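Below: the structure, in structure tokens.
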Amino acid sequence: TLELLNSQGQVLARQRSRTNAFGLVNGDLALPANAVGNKAKIRFALGEGEETLAIVKVGRFEPPRATVDVVVDQDSYRPGERLSAQLVVRRLDGGPVDGAEVELVAIDSQGAQAFRAQGRADAEGLAVLGGVIPPKLSSLSLRARAETPGGLAAQAERAVAIDNGGLHVW
């Protein structure tokens, strides 16, 4: 059963669903008009007391008006090496965003910040940021954020391969 709950736990909508061969559920839950701007919970009850709960903020979809891409300079990195990433900020029509404020945050597999760098995109919408790969990492995720002078925000994330000299299975 798939249910939509308000912040007080009252059921707003309910739909009986089945998992597909991959264990995924697909469903449609009608939102009341007064739900926009509020937090809601989506609960999937599998039966036998098993359930999963997700908290979501209900709002109108705002399509992105800018994008940011992260391009790294190597296929993999070793601890102690400097990672250099080019952040490419574009409008949806493909044109560059001059002067966008950009930030690159590297997050390790435990969710801790490995390094953070900030800068500004040039007239071509490019900014080069980076940091040093800390010791004893097994994986690293790069999170990029750009905010244009007009207030448009864009985000991107990409995984980075870390080579600790051991056997790796991808």
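Throughout, numbering of the chain's residues begins at 1 and tracks the sequence. Please read all numbers here as calculations on a predicted model, not as lab measurements. Note that these values count all heavy atoms, side chains included, but never hydrogens, waters or copies made by symmetry.
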Q | Side-chain touch Leu5/Ile42, heavy atoms, less than 4.5 angstrom | A | no

(Q) My understanding is that a hydrophobic cluster links ILVMFWY residues whose side chain heavy atoms are under 4.5 Å apart, including indirect links. Using that, what else belongs to the cluster containing Val105? (A) Ile107

Q.
In the structure I gave you, are the side-chain heavy atoms of Leu92 and Thr67 within less than 4.5 Å of one another anywhere?
A. yes

Q | Closest heavy-atom pair and its distance - Asp163, Ser76 | A | CB-OG, 4.3 Å

Q) Where do Leu83 and Val160 land on the side-chain contact (heavy atoms from CB on, under 4.5 Å) test, with the steps shown first? A) CA-CA 10 Å; Leu83 176 145; Val160 173; 4.0 Å; yes

**Q.** Reported CG-to-CD distance for the pair Leu104 and Gln118, which is rounded to 0.5 angstrom
**A.** 10.5 Å

Q. Considering only heavy atoms from C-beta outward, does the side chain of Val88 approach that of Pro96 to under 4.5 Å?
A. no

Q) Does Glu124 use its side chain to pair, donor to acceptor, with the backbone of Leu126 at less than 3.5 Å? A) no

Q) Which pairs count as salt bridge (charged side-chain N to carboxylate O under 4.0 Å, His left out) when at least one residue sits in residues 79-107, sequence neighbours excluded? A) Arg91-Asp93, Glu101-Arg120, Glu103-Arg116

**Q.** Connected via hydrophobic side-chain network under 4.5 Å: Val72 and Phe115
**A.** yes

Q.
Per the salt bridge (charged side-chain N to carboxylate O under 4.0 Å, His left out) rule, what does the pair list look like for residues 152-161, sequence neighbours excluded?
A. Arg143-Glu157

(Q) Please check if the number of heavy atoms outside Gln110 that lie under 6.0 Å from its CD is greater than 12. (A) no

(Q) Evaluate Leu4 against Val11 for side-chain contact (heavy atoms from CB on, under 4.5 Å), listing each step before the verdict. (A) CA-CA 6 Å; Leu4 177 68; Val11 177; over 6 Å; no

Q | More than 12 heavy atoms from other groups under 6.0 Å of CG on Asp28 | A | no

Q.
Could you report the tightest heavy-atom contact between Pro134 and Pro79, atom names first, then the distance?
A. O-CB, 3.6 Å

Q) Are any non-hydrogen side-chain atoms of Leu87 and Asp69 less than 4.5 angstrom apart? A) no

**Q.** Nearest heavy atoms of Ala144 and Val68, plus distance in Å
**A.** O-CG1, 4.2 Å

Q) Given the rule that I, L, V, M, F, W and Y join up when any side-chain heavy atoms are under 4.5 Å apart, are Val70 and Val102 in one cluster? A) yes

(Q) Any heavy-atom pair between the side chains of Ile162 and Ile133 that's under 4.5 Å? (A) yes

Q. Between CD of Glu3 and CZ of Arg14, what distance do you get to the nearest 0.5 Å?
A. 4.0 Å

